[in-house]
Number of protein chains: 2
Amino acid sequence: MKRKLFERGGQDKDRVTLADVAAHVGTSTITVSRAIRRPEMVSEALRKRIAEAVDTLGYVPDPAAQALASRRSRVIGVLIPSVTNSVFADVLSGLYDTVGKTAYSVQVGNTRYDPLTEEELTRVFIGQRPAGLIVAGIDQTSNTKAMLERAGCPVIQIMEFADGPIDSMIGFSHRDAARAATEHLIAQGYKAPGFIGARMDPRSQRRLNGFRQALQEADIPIGCREITTVDPSRVGLGASLLDTLLERAPETDAVFCNNDDLALGVQFGAQRRGLKIGAEFGICGFNDLEVMAAAYPAITSVRTFRREMGMLALQTVLDNLDDPEKQPTVTDLGYELMARASTDRQTGR
Amino acid sequence: MKRKLFERGGQDKDRVTLADVAAHVGTSTITVSRAIRRPEMVSEALRKRIAEAVDTLGYVPDPAAQALASRRSRVIGVLIPSVTNSVFADVLSGLYDTVGKTAYSVQVGNTRYDPLTEEELTRVFIGQRPAGLIVAGIDQTSNTKAMLERAGCPVIQIMEFADGPIDSMIGFSHRDAARAATEHLIAQGYKAPGFIGARMDPRSQRRLNGFRQALQEADIPIGCREITTVDPSRVGLGASLLDTLLERAPETDAVFCNNDDLALGVQFGAQRRGLKIGAEFGICGFNDLEVMAAAYPAITSVRTFRREMGMLALQTVLDNLDDPEKQPTVTDLGYELMARASTDRQTGR
DNA sequence: GTGAAAGCGCTAACAC
DNA sequence: GTGTTAGCGCTTTCAC
């Protein structure tokens, strides 16, 4: 087994610097620096020779030195509450795709649904003089909000659409989306829809509010058909929450689930109980993960635009960086109800 | 809508530096630096006053300056082929958990299953003088491998267990795991197991090899029961690949799927066809995502230790950083066959 | 269009 | 234990 060679220094001596490139070409470091960052400022001839030297010497810029000298890093900080939750994984995927071949890089902080962790991470991120900051949600502590307002870089809030953005905002109304889902259940003829929710972070809470609002407007009493837990969401949890729901409120004939994992679990649980999905029991999820359309029977859900949110958020940072005069934007990405067999009363099964 | 305030400088003037803290306490910058990084080198009295000053002034270290001066950043680079694939999301979750309250941070590069993107990202990452590097797989280009060998930091290969590690390695044998799964199908009495695979990256390929090996050892001809595609895996794809499989090889009575998404899709497809899962048709997935146990019927899979892999990889980097004399380690995390109803021939459905 | 000088905020190396 | 001196590799500012 080979020995380690990173005791210190190591290949650090052979690091190729701007000065090396400059010497090779016979010009000054600043010109090389310009040739790389703003080619239009350097004559074509020089530019070409510099490009060649960069190539042959294998020069790679030192981001630390760049950041220190320019007082700006090329890191775009992203604060999300979870990395495993596929909702955020999709957002990340959009971010990574868009950051792709730009000179910027994405650094993700996992707040674990904890506002204080978020505050701490915000402090650290801002200490890096980030090029931009993308944060999930609108429920930051007042300290966090104050820091973000003075961050000195574009700040994009994602996942929500609401009043009082810190800077730019890209998302949708969780309440409206949930209300639409519930209205769909009612329109399909279900008489006693219930709600199943896990984690119950602020976004889940807003979805619950949308559910309540729809029932209220339809003059349907809620009864005991709201089953929630702070436990993280899992498919397996769907079935157990369904058990609780049907025990407490046997009249329930449909359920709006906080997210798709729960909905899938509810469907498995309902099948185990021998319920006819659709005809006897309606199921609606939230987010429209790919599995929903593929399930048997296919499960109704509310489609949300997660990758798009990531892409647009990153692009918004880039746009703001390009043009510092650019005004903040607030974008509603909306949602789309995907009605499928699981809420079709004609579906026997 | 508020005006932007990040035109440049902004709050940069009020940045609290080591010098500010030193002045406040009446000592030198280096002492403050030491008080923070190696408290045992500073007298208790001073240390306490410095801590207070740091707090009241709100000092946050500048990672760029640290990296530049020490020629080492506190960034641990992670190169994975996908962020949405929940397999890697789980690994990431383990990484983030472990990096948690350390002074290090994780930076993820998405290679998109492309060796050249991986090479490019490796070059950029190494240019950051990372504290450590965690890379998925063993199929790097020779250029990439050469760079990693000279990276001057701990390098951990994850997701595989094989010969010739670059430095440390943590994973398991995909071939052995797949062989075990296939042997299970055979032991359960299925006579003509097939293979369904998507993406077909090197790890999938090794799993296919394990499948072949098991059939060969059991003297079962493979026939046309290998259905693969380079398309990325989706649940929906499972059903279509099942269609292809049963068309080409109607004798098939069980299937080993490259991953759990496909297995779930196969199950939905089989249900749609009215096949009795288990009794008539066996299904085995790979990775044992949470949904597999929750499905109805529950689906057999091969459990892999993804979060653990992330945690251990990060910990290995930290250990190597603590003790540069530490020798590289190679760890086999193994796998575990989770036999469930979907491969139980007694299961009617 | 190009360059010289200065310094970003921190730490390594060597004093004391 | 603590301080001094020199940078790290780059960009800013201001000259030319």
Side-chain angles (χ1 to χ4, degrees), chain A residues 7-50 54 57-74 103 126-129 131 152, chain B residues 7-50 54 57-74 103 126-129 131 152:
Chain A
E7 331 274 333
R8 156 138 311 123
Q11 66 156 191
D12 228 71
K13 301 288 85 175
D14 14 317
R15 179 167 192 121
V16 179
T17 69
L18 267 193
D20 296 329
V21 179
H24 189 94
V25 175
T27 178
S28 66
T29 60
I30 185 61
T31 303
V32 178
S33 171
R34 286 194 188 114
I36 293 171
R37 287 174 307 138
R38 298 135 128 281
E40 72 281 6
M41 287 185 70
V42 175
S43 69
E44 171 141 14
L46 245 186
R47 203 193 314 162
K48 226 183 118 219
R49 288 169 53 214
I50 290 175
V54 163
L57 298 182
Y59 169 72
V60 178
D62 182 331
Q66 290 180 309
L68 188 58
S70 68
R71 295 168 197 71
R72 262 302 143 220
S73 75
R74 292 188 184 282
I126 289 181
Q128 302 201 31
R129 311 162 181 280
Chain B
E7 331 274 333
R8 154 138 311 122
Q11 66 157 188
D12 226 71
K13 301 287 87 176
D14 14 317
R15 179 167 191 119
V16 179
T17 69
L18 266 194
D20 296 330
V21 179
H24 189 93
V25 175
T27 178
S28 67
T29 60
I30 186 64
T31 304
V32 177
S33 171
R34 288 203 270 251
I36 292 171
R37 288 177 305 142
R38 297 133 129 282
E40 72 280 6
M41 288 185 69
V42 176
S43 71
E44 171 141 14
L46 245 185
R47 202 193 315 162
K48 230 185 112 215
R49 288 168 52 214
I50 289 174
V54 163
L57 297 182
Y59 169 72
V60 178
D62 182 331
Q66 290 181 310
L68 187 58
S70 69
R71 294 166 194 71
R72 263 303 143 220
S73 76
R74 291 187 183 281
I126 289 181
Q128 302 200 31
R129 310 162 182 280

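Order of the sequence lines sets the chain letters (A, B, ...), proteins ahead of strands, with each chain counted from 1. Note that the structure is predicted; figures quoted are calculated from it, not measured.
- In plain terms, the two heavy atoms of A/A35 and A/I50 that are nearest each other are CB-CD1, 3.6 Å.
- The heavy-atom pair separating B/A22 from B/S28 by the smallest distance is CB-C, 3.6 Å.
- Judged purely by atom type and a 3.5 angstrom limit, B/R15 uses its side chain to pair as donor or acceptor with the backbone of A/G127.
- Of the residues A/D20, A/V21, A/V42, A/T17, the one that meets the side chain to side chain contact (heavy atoms under 4.5 Å, CB included) test with A/V32 is A/V21.
- Under 4.0 angstrom from either OP1 or OP2 of D/dC8 there lies no side-chain N or O belonging to B/R72.
- Of the possible donor and acceptor atoms, one in the side chain of B/R72 sits under 3.5 Å from a partner among the backbone N and O of B/R129.
- Judged by distance alone, the side chain of B/T29 and the main-chain N or O of B/L18 form no donor-acceptor pair under 3.5 Å.
- In the region residues 21-30 of chain B, proximity to DNA chain C at under 4.0 angstrom, judged on heavy atoms, holds for B/T29, B/I30.
- With hydrogens and angles disregarded, no donor-acceptor distance shorter than 3.5 Å links the side chain of A/R38 to the backbone of A/I36.
- In A/E44, the CD atom is not crowded: 12 or fewer heavy atoms of neighbouring residues, nucleotides or ligands sit closer than 6.0 Å.
- For A/L18, the side-chain atoms get nearest to D/dT11 when compared with the rest of D/dC8, D/dT11, D/dT12.
- Remark: the B/R34 side chain and the D/dG3 base include a donor-acceptor N/O pair separated by less than 3.5 Å.
- An end-to-end axis angle of 20° holds for the helix from C/dG1-D/dC16 to C/dC16-D/dG1, taken from five base pairs per end and rounded to 10°.
- Using a 4.0 Å cut-off, no side-chain N or O of A/S33 falls inside it from OP1 or OP2 of D/dC10.
- Taking only side-chain nitrogens and oxygens, B/Q66 never comes nearer than 4.0 Å to OP1 or OP2 of C/dG9.
- Under the 3.5 Å distance criterion, the side-chain polar atoms of B/R49 are matched with a main-chain donor or acceptor of B/V25.
- Looking at residues 36-48 of chain A, you'll see A/M41, A/V42, A/S43, A/L46 sit with a heavy atom under 4.0 Å from some atom of DNA chain C.
- Within the 3.5 Å criterion, the main-chain N or O of B/Q66 finds a donor-acceptor partner in the side chain of B/S70.
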